Amino acid sequence: ARGNGQDVRGHTLLWHSQNPTWLEEGDFTPEQLREILKDHIDIVVGRYRGRIQQWDVANEIFEESGELRTEDNIWIRELGPGIIADAFRWARAADPDALLFFNDYNVEGLNPKSDGYYALIQELLADGVPVDGFSTQGHLSTRYGFPGDITDNLQRFADLGLETAITELDVRMELDEGAVPTAEQLEQQADYYGRMTEAALAVEGCNSLTLWGFPDVYSWVPGTFPGEDGATVLWDDYTRKPAY
């Protein structure tokens with residue numbers, strides 16, 4: 001990335017998913033769990049100190065209802081919500097120059113989930129916690145309407161003095177395995193990509209937009225959403241779809 005003049009995002013430090021078995025099934029005291037997370041952040045962020053532009057410090061910590069995840073997030077469940085602020089403070093100490101973000105899906109528009117982040121971030125900022133940004137992943141589907149209030153949502157976080165970002169943008173469509181999208185599907189997909197980009201450009205301080213993958217052959221979508229595919233901007237031979 002340095003050789004090509006590219007910025008790098010770091011993803012992610014505190015998450016409920018894809019933790020190692022030894023952690024999830026371990027018999028740790030709260031003090032030991034805090035030390036495990038702090039050690040992880042110190043080592044990983046410290047290793048790339050000065051070389052990572054943005055870190056997703058806390059990823060997907062809210063339910064759709066706007067309540068914090070407690071059942072399946074080992075950190076919040078065992079250590080309480082205060083661990084979120086600790087993670088941001090530890091990340092700041094490990095790399096004072098990196099921008100520290102919250103990141104989640106289904107928070108493109110104004111809804112209970114994004115409201116949860118809005119309320120939490122205001123509390124953290126009032127307590128001096130070093131939160132620099134709020135980002136929406138941007139996993140969209142043409143099965144659903146476009147989130148037309150994304151600009152208003154990002155703007156309210158920008159008004160708190162935060163950077164905003166779109167971090168995992170892809171637009172999946174109804175597509176059976178091996179099927180080719182229709183011209184109409186490709187046009188709708190291109191419209192969604194274009195409108196997301198326009199929304200980002202409309203909000204001052206929305207300084208990055210990251211695509212979630214390049215060609216469909218490596219996309220996560222068909223393994224997670226049966227009957228949907230074709231979410232990226234490139235064909236498998238790396239030629240460009242209309243969305244590009």
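Just so it is clear, the structure is predicted and the values come from calculations on it, not from any experiment.
Proximity of a side-chain donor or acceptor of Asp7 to a complementary backbone N or O of Gln53 within less than 3.5 Å is not detected. The backbone N or O of Gly109 lies less than 3.5 Å from a partner atom in the side chain of Ser114, making a donor-acceptor pair. Side-chain N or O atoms of Asn153 include one that pairs as donor or acceptor with a backbone N or O of Glu108 at under 3.5 Å. Proximity of a side-chain donor or acceptor of Gln189 to a complementary backbone N or O of Val171 within less than 3.5 Å is detected. Between the side chain of Asp216 and the backbone N or O of Trp235 there is no donor-acceptor pair closer than 3.5 Å. Counting only distance, with no hydrogens or angles, the side chain of Asn4 and the backbone of Gln6 share no donor-acceptor pair below 3.5 Å.
Between Asn73 and Leu14 the shortest side-chain heavy-atom distance falls below 4.5 Å. The closest side-chain heavy-atom distance from Val107 to Phe157 is not below 4.5 Å. Contact check for Val233 versus Arg240: no side-chain heavy atoms found under the 4.5 Å cut-off. Looking at heavy atoms from C-beta onward, Glu168 lies in side-chain contact with Asn103 at the 4.5 angstrom threshold. Counting only heavy atoms from C-beta outward, the side chains of Asn59 and His11 approach each other to under 4.5 Å. Contact check for Arg143 versus Glu228: side-chain heavy atoms found under the 4.5 Å cut-off. The shortest side-chain heavy-atom distance between Phe225 and Trp220 falls under the 4.5 Å cut-off. Contact of the Leu68 side chain with the Phe62 side chain is registered, since non-hydrogen atoms from C-beta on lie closer than 4.5 Å.
Taking each heavy atom of Ser141 and Tyr192 in turn, the nearest pair found is O-CE2, 3.6 Å. Closest approach of Lys241 and Leu186 over heavy atoms only: CD-CD2, 4.3 Å. Residue Leu13 comes nearest to Ile41 through the heavy atom pair CB-CG1, 4.1 Å, listed as atom of the first residue, atom of the second, then distance. When all heavy atoms are compared, the tightest approach of Leu154 to Cys206 is CD1-SG, 4.4 Å. Taking every heavy atom of both residues into account, Ala91 and Val45 meet most closely at O-CG1, 3.9 Å. Closest approach of Val221 and Ala231 over heavy atoms only: CG2-CB, 3.7 Å.
In the displayed structure, Glu187 atom CD is contacted under 6.0 Å by at most 12 heavy atoms of other residues, nucleotides or ligands. Around the CD atom of Glu71, the shell of radius 6.0 Å holds no more than 12 heavy atoms that belong to other residues, nucleotides or ligands. For CZ of Arg47, the number of neighbouring non-hydrogen atoms (other residues, nucleotides, ligands) closer than 6.0 Å is 12 at most. Counting heavy-atom neighbours within 6.0 Å of Gln32 CD, excluding the residue itself, gives a total above 12. Atom CZ of Phe214 sits in a sparse spot, with 12 or fewer heavy atoms from other residues, nucleotides or ligands closer than 6.0 Å.
Note: the hydrophobic cluster containing Ile76 also contains Ile36 (ILVMFWY, side chain heavy atoms under 4.5 Å, direct or indirect links). The hydrophobic clustering, which links ILVMFWY residues whose side-chain heavy atoms are closer than 4.5 Å, places Tyr117 and Val129 together. Both Trp90 and Val44 sit in one connected hydrophobic cluster of ILVMFWY residues. Membership requires side-chain heavy atoms under 4.5 Å apart, directly or through other members. Connection of Val57 to Tyr48 is established within a shared hydrophobic cluster, with ILVMFWY side chains joined at heavy-atom distances below 4.5 Å, either directly or through further cluster members. Note on Tyr105: it does not cluster hydrophobically with Phe134, by side-chain heavy-atom contacts below 4.5 Å among ILVMFWY residues.
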Derivation and outcome, side chain to side chain donor-acceptor pair (under 3.5 Å), residues Gln54 and Ser208: CA-CA 10 Å; Gln54 304 173 10; Ser208 68; 3.2 Å; yes
Derivation of the salt bridge (charged side-chain N to carboxylate O under 4.0 Å, His left out) call for Asp115 and Arg156: CA-CA 10 Å; Asp115 288 346; Arg156 66 172 172 165; 2.9 Å; yes
Does Arg34 form a side chain to side chain contact (heavy atoms under 4.5 Å, CB included) with Glu31? I'd like the steps, not just the answer. CA-CA 5 Å; Arg34 280 179 55 83; Glu31 292 76 17; 5.8 Å; no
Applying side chain to side chain contact (heavy atoms under 4.5 Å, CB included), run through Arg77 and His16 and close with a yes or a no. CA-CA 10 Å; Arg77 183 182 70 240; His16 68 280; over 6 Å; no
Should Leu100 and Arg92 be marked as a side chain to side chain contact (heavy atoms under 4.5 Å, CB included) after you check the CA-CA gap, both sets of side-chain angles, and the distance that decides it? CA-CA 8 Å; Leu100 309 180; Arg92 172 65 88 237; 3.5 Å; yes
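For the atom pair CG (Asp127) and CD (Gln122), the distance works out to 12.0 Å, reported to the nearest 0.5 Å. Atoms CZ and OG1, on Arg172 and Thr232 in that order, are 13.5 Å from each other to the nearest 0.5 Å. Distance check, rounded to the nearest 0.5 Å: CD1 of Ile74 to CG of Leu23 gives 4.0 Å. Residue Glu67 holds its CD atom at 12.0 Å from CD1 of Ile61, rounded to the nearest 0.5 Å. Here CG of Leu211 is found 5.5 Å from CG of Leu169. Values are rounded to the nearest 0.5 Å. The CD1 atom of Ile52 sits 11.5 Å away from atom CG of Leu99, with the distance rounded to the nearest 0.5 Å.
Cation-pi check for Arg9 over Phe101 is met; the charged atom lies under 6.0 angstrom from the ring centroid and within 45 degrees of its normal.
Residues Phe88 and Phe102 bring their aromatic ring centres within 6.0 Å.
For the residue pair Trp55 / Asp95, no side-chain donor-acceptor distance below 3.5 Å is found, with atom types taken as modelled.
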Could you list the donor-acceptor pairs under 3.5 angstrom formed by side chains in residues 159-166, with sequence neighbours left out?
unit_1: Asp159; atom_1: OD1; unit_2: Gln155; atom_2: NE2; d: 2.9
unit_1: Glu163; atom_1: OE2; unit_2: Asn207; atom_2: ND2; d: 3.2

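A salt bridge is absent between Asp104 and Arg69; no separation between the charged side-chain nitrogens and carboxylate oxygens falls under 4.0 Å.
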